[in-house]
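Everything on this sheet refers to the single structure shown next.
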Amino acid sequence: MSARRDMDAMFGQARSLIAASEEPSVMSEELSDLLFEAHGLDPRRYAEEWVPYLTALDCWSRQGGAFADLEEFARWHEVLHPIMGHHTVEMIEL
């Protein structure tokens with residue numbers, strides 16, 4: 001299967017996950033994983049097609065979260081931040 005068809009199928013899957021969600025403002029782990037996969041497959045297409053669509057939904061809550069390290073935070077920031085908007089970041093040492 002070509003990358004284009006993979007991305008098309010994944011986009012359809014993302015739309016289905018959003019439509020079927022009982023709480024659409026909370027991004028499921030399955031959807032989050034799918035977004036990371038799509039970004040990894042084609043970052044340009046993700047930015048040009050997926051981000052505008054997902055941002056237009058304007059339903060994402062500003063969920064809190066903890067990250068294991070700065071690398072995990074940077075990855076989250078690159079993939080999900082454009083969709084979910086600005087957050088306050090607090091660094092704590094565990």
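Computed over heavy atoms, backbone and side chain alike; hydrogens, waters and symmetry mates excluded.
- Here the straight-line distance linking atom CD of Glu29 with atom CG of Leu34 works out to 12.5 Å at 0.5 Å rounding.
- Between atom CD of residue Glu37 and atom OG of residue Ser32 there is a gap of 11.5 Å, rounded to the nearest 0.5 Å.
- What you find for Ala14 and Leu31 is that their closest heavy atoms are CB-CD1, 3.8 Å.
- Ion pair Asp6/Arg45 not flagged as a salt bridge, since none of the NZ, NE, NH1 or NH2 atoms sits closer than 4.0 Å to an Asp/Glu carboxylate oxygen.
- No donor-acceptor pair under 3.5 Å is formed between the side chain of Tyr46 and the backbone N or O of Met7.
- The CZ atom of Arg75 sits 9.0 Å away from atom NE2 of His39, with the distance rounded to the nearest 0.5 Å.
- A salt bridge links Glu48 and Arg44; the closest N-O separation between the charged side-chain nitrogens and carboxylate oxygens is under 4.0 Å.
- Closest non-hydrogen pair, Glu49 versus Phe11, comes out as O-CE1, 4.5 Å.
- Pairing each heavy atom of Pro52 with each of Ala47, the nearest pair is CD-O, 3.3 Å.
- Trp50 places a side-chain heavy atom less than 4.5 Å from the side chain of Met10.
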